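Structure record follows, encoded as structure tokens.
Since this is a predicted model, take the numbers as computed values, not measurements.
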Amino acid sequence: MMDKADALIMPFTVNELVLGVDPVKLYEYVYSGKPAIAVRYPESERFGDYVHLYRGMDEYLSLVDRLIRGELGAKKNQCDCVAFARSNTWEERVKKIVLNIEGAGERVPE
């Protein structure tokens with residue numbers, strides 16, 4: 001159904017549960033290349049180049065209003081969005097972990 005949407009919104013209330021989880025939905029939002037709005041908190045900051053972040057009701061309503069008026073588009077082009085999403089798949093994360101483990105093994109003194 002995401003393909004039928006003009007824009008995507010993640011209006012979470014920041015609480016202990018939200019603070020403790022990776023906002024997985026934002027990877028999907030970025031991959032779509034559509035304008036997206038999400039609440040600003042430490043875990044969503046890394047999406048700031050791709051997603052419009054807000055803090056508080058006033059910022060949220062302002063972004064939604066701009067979105068409705070057609071003044072708020074995607075922050076990056078589709079190619080950049082897809083590249084970001086693909087660099088954050090589980091397969092890519094495992095590759096990075098393995099490289100770090102292998103690299104750490106080289107630094108261990110004999």
Exercise for review: Take Thr13 and Val18 through the test side-chain contact (heavy atoms from CB on, under 4.5 Å) and record every step on the way to the result.
Suggested key: CA-CA 8 Å; Thr13 297; Val18 169; over 6 Å; no

Check your understanding: Under the side-chain contact (heavy atoms from CB on, under 4.5 Å) criterion, do Arg86 and Glu92 qualify, and how do the steps go?
Key -> CA-CA 8 Å; Arg86 286 188 175 157; Glu92 289 302 314; 6.0 Å; no

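Across every non-hydrogen atom of Gly33 and Cys81, the tightest pair is CA-SG, 4.0 Å.
Interatomic distance, CG of Leu8 versus CG of Leu67, reported as 9.5 Å (0.5 Å rounding). For the atom pair Lys96 NZ and Ser87 OG, the distance stands at 5.0 Å (nearest 0.5 Å).
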Give every donor-acceptor pair under 3.5 Å between a side-chain atom in residues 50-58 and any protein atom, sequence neighbours left out.
| residue | atom | partner | partner atom | Å |
| --- | --- | --- | --- | --- |
| His52 | NE2 | Gly73 | O | 2.7 |

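For Tyr27 and Phe47, the distance between ring centers is under 6.0 angstrom.
In Phe84, the CZ atom is crowded: over 12 heavy atoms of neighbouring residues, nucleotides or ligands sit closer than 6.0 Å. Within 6.0 Å of the CG atom in Asp6, the count of heavy atoms belonging to other residues, nucleotides or ligands does not exceed 12.
Under the 4.5 Å side-chain contact rule for hydrophobic residues, Ile9 and Tyr31 do not share a cluster.
Taking 4.0 Å as the cut-off between side-chain N and carboxylate O, Arg40 and Glu45 count as a salt-bridged pair. With salt bridges taken as basic N to acidic carboxylate O contacts below 4.0 Å, one links Arg93 and Asp22.
Every salt bridge (Lys or Arg N to Asp or Glu O under 4.0 Å) that Asp65 has, sequence neighbours left out, goes to Arg69. For Glu43, the side chain to side chain donor-acceptor pair (under 3.5 Å) partners two or more places apart in sequence, or in a different chain, are Arg46.
Side-chain contact between Lys34 and Tyr29: absent, with no pair of heavy atoms (C-beta onward) separated by less than 4.5 Å. Inter-residue side-chain proximity for Val39 and Tyr41 is flagged as met; some heavy-atom pair is nearer than 4.5 Å. Met10 has its side chain out of reach of Ile37: every pair of non-hydrogen atoms, C-beta onward, lies at least 4.5 Å apart.
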